[in-house]
Amino acid sequence: MNSRLTRTIALLVLSVLDVAIAQAETVLITGANSGIGLEFTKQYAAKGWTVIATHRRDETPDTLREVMQRYPNVRAERMDVTSRDEIYALAEKLKGTPIDILLNNAGLFLLGEDWHENAEGAGQAFGTFDWDQFDQFVATNIRGPMMVTEAFIEHVKASDQKKVINISSENGRVTGQVYCCGLYWYRMSKAALNKLMRELAVQLKPDGVIVVLFDPGAVRVEKQANFDFPGMVETDFTVRHMIATAEQLRLMDSGRFLRYDGIDSAL
């Protein structure tokens, strides 16, 4: 093979790679080092997406290091969703990077050393409320997703898909059967998230941005591994279905609260 032909083939290969990189979808995932967020990171990476996996640790968690070793299309970034400075610093660092899906996943469910023995939530039960925990839930589950969305909205608008996906919960419903009792802070924060994101969906719809909320079901993540009640789903199962549902989202879907399989969930 002569040198001219070799050079031509090399240029063609580089051209194809450049196109593939340019067309690769990008997802930014908060709370990507464990639970649902980690599974999203793995599955989007396997699909060939560029994954920006954020965490709040001082160093990159081992769970993300393992994924990055397997998938070069994954990058880890520190971003505590309760820190305005860290959020806007990363948004500035990624300036000019289109983000097809902004996935607000980071959140609190239970706090306290005895969470594994107290399914109602230590500090979240009436009569034993921990008001410091209340502030943490507001900062993480409500203010966090809104700050992240505000900081990265121009990145989302610059993308092809223009999607903001929020991991909520059926515990945030204000209609239907009320399950007594406990988890007041968690349930309150998810209800507030649902309301805020539905309002935001209306505001951003003229810009072509799709804002939805997902109910992933009762997921057997690390902190719920010892829970065993009917209806629990495995992490890979619900994430696989949420990704498939996200692929089908259109602008008309903006503002919907969906179960992982795309069925409307009651608010």
Side-chain angles (χ1 to χ4, degrees), residues 9-55 57 60-79 90-91 93-106 145 148-149 151-167 208-214 216 219 221 233-251 253-254 258-262:
I9 293 174
L11 289 173
L12 286 172
V13 171
L14 289 174
S15 177
V16 170
L17 288 174
D18 286 342
V19 171
I21 292 171
Q23 293 179 343
E25 295 95 339
T26 298
V27 58
L28 186 151
I29 304 169
T30 65
N33 59 294
S34 64
I36 293 174
L38 179 60
E39 187 62 29
F40 268 119
T41 298
K42 292 176 180 178
Q43 292 197 25
Y44 270 119
K47 289 171 66 66
W49 282 52
T50 297
V51 181
I52 303 168
T54 73
H55 63 91
R57 308 301 182 205
T60 301
D62 291 340
T63 51
L64 287 181
R65 289 186 186 278
E66 292 174 6
V67 180
M68 292 165 64
Q69 288 174 358
R70 182 175 181 183
Y71 298 104
N73 48 320
V74 177
R75 60 185 285 186
E77 296 283 356
R78 175 183 165 85
M79 185 179 73
L90 183 57
K93 180 179 180 179
L94 297 175
K95 188 174 182 179
T97 301
I99 295 175
D100 291 276
I101 294 181
L102 177 62
L103 209 166
N104 287 312
N105 164 76
V148 169
T149 304
F152 287 94
I153 193 60
E154 295 305 320
H155 302 69
V156 174
K157 289 180 180 179
S159 72
D160 291 331
Q161 295 200 23
K162 298 180 176 63
K163 295 172 182 176
V164 178
I165 294 176
N166 306 274
I167 303 303
V209 176
I210 303 166
V211 182
V212 299
L213 297 125
F214 275 152
V219 187
V221 293
V233 296
E234 299 300 328
T235 310
D236 62 339
F237 171 87
T238 187
V239 168
R240 183 169 67 253
H241 281 78
M242 284 189 284
I243 288 176
T245 299
E247 290 177 353
Q248 303 301 316
L249 293 174
R250 300 296 179 264
L251 192 56
D253 298 310
S254 195
L258 301 169
R259 203 172 67 179
Y260 54 83
D261 54 6

State whether the side chain of [X] and the backbone N or O of [Y] hold a donor-acceptor pair below 3.5 Å, judged by distance alone.
{"X": "E77", "Y": "A53", "answer": "no"}
{"X": "S254", "Y": "V211", "answer": "yes"}
{"X": "T63", "Y": "S34", "answer": "no"}
{"X": "T238", "Y": "T235", "answer": "no"}

Side chain proximity check, [X] to [Y], heavy atoms < 4.5 angstrom:
{"X": "T26", "Y": "I52", "result": "yes"}
{"X": "V156", "Y": "Q161", "result": "no"}
{"X": "L103", "Y": "I167", "result": "yes"}
{"X": "L64", "Y": "N33", "result": "yes"}

Pairing residues for [X] by the side-chain hydrogen bond (donor to acceptor under 3.5 Å, both in side chains) criterion, not counting sequence neighbours:
{"X": "K95", "result": "none"}
{"X": "D100", "result": "none"}
{"X": "R78", "result": "E86"}
{"X": "N105", "result": "none"}

Counterpart residues, side chain to side chain contact (heavy atoms under 4.5 Å, CB included), relative to [X] (two or more places apart):
{"X": "V212", "answer": "I165, I210, L249"}
{"X": "A151", "answer": "I87, Y88, A91"}
{"X": "R70", "answer": "none"}

Self-check item: Verdict with reasoning, T60 to M68, per side chain to side chain contact (heavy atoms under 4.5 Å, CB included)
Solution: CA-CA 10 Å; T60 301; M68 292 165 64; 4.3 Å; yes
Quiz item: For F152, what residues pass the ring-ring contact (aromatic ring centres under 6.0 Å, His included) criterion, not counting sequence neighbours?
Solution: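 With sequence neighbours excluded, F152 shows a ring-ring contact (aromatic ring centres under 6.0 Å, His included) to H155, given in chain and number order.
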Exercise. For Y44, enumerate each residue passing the ring-ring contact (aromatic ring centres under 6.0 Å, His included) test, keeping only those at least two apart in sequence or located in another chain.
Key: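 Partners of Y44 by the ring-ring contact (aromatic ring centres under 6.0 Å, His included) criterion, ordered by chain and then number, come out as W49.
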Quiz prompt | Derivation and outcome, side chain to side chain contact (heavy atoms under 4.5 Å, CB included), residues T149 and L102 | solution = CA-CA 8 Å; T149 304; L102 177 62; 4.1 Å; yes
Give, for atom [atom1] of [X] and atom [atom2] of [Y], the distance between the pair rounded to the nearest 0.5 Å.
{"X": "L28", "Y": "T97", "atom1": "CG", "atom2": "OG1", "answer": "10.0 Å"}
{"X": "I29", "Y": "M79", "atom1": "CD1", "atom2": "CE", "answer": "11.0 Å"}
{"X": "H241", "Y": "D236", "atom1": "NE2", "atom2": "CG", "answer": "10.5 Å"}
{"X": "D62", "Y": "Q69", "atom1": "CG", "atom2": "CD", "answer": "9.0 Å"}

Which pair of non-hydrogen atoms, one from [X] and one from [Y], has the smallest distance, and what is that distance?
{"X": "H55", "Y": "A76", "value": "CD2-CB, 4.3 Å"}
{"X": "P216", "Y": "M242", "value": "CB-CE, 3.7 Å"}
{"X": "V209", "Y": "L251", "value": "O-CD1, 3.7 Å"}
{"X": "T50", "Y": "A24", "value": "OG1-CB, 4.1 Å"}
{"X": "S159", "Y": "P98", "value": "CA-CB, 3.8 Å"}

Quiz item: Among all residues two or more places apart in sequence or in another chain, which pass the salt bridge (Lys or Arg N to Asp or Glu O under 4.0 Å) test with E247?
Solution: K47
Quiz item: Which residues pass the salt bridge (Lys or Arg N to Asp or Glu O under 4.0 Å) test with D261, sequence neighbours left out?
Solution: R259
Practice problem: Check the pair V67 / L38 against side chain to side chain contact (heavy atoms under 4.5 Å, CB included), numbers first and verdict last. | Solution: CA-CA 9 Å; V67 180; L38 179 60; 4.0 Å; yes
Self-check item: Sequence neighbours excluded - salt bridge (charged side-chain N to carboxylate O under 4.0 Å, His left out) pairs with any residue from residues 237-246
Solution: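 Applying salt bridge (charged side-chain N to carboxylate O under 4.0 Å, His left out) to every pair that reaches into residues 237-246, excluding sequence neighbours, yields nothing.
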Exercise. Can you spot which of F214, F237, F40 makes a ring pair (Phe, Tyr, Trp, His ring centres under 6.0 Å) with Y260?
Key: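 The residue from F214, F237, F40 that satisfies ring pair (Phe, Tyr, Trp, His ring centres under 6.0 Å) with Y260 turns out to be F237.
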Quiz prompt | Residues E25, I101; criterion side chain to side chain contact (heavy atoms under 4.5 Å, CB included); working and verdict | solution = CA-CA 8 Å; E25 295 95 339; I101 294 181; over 6 Å; no
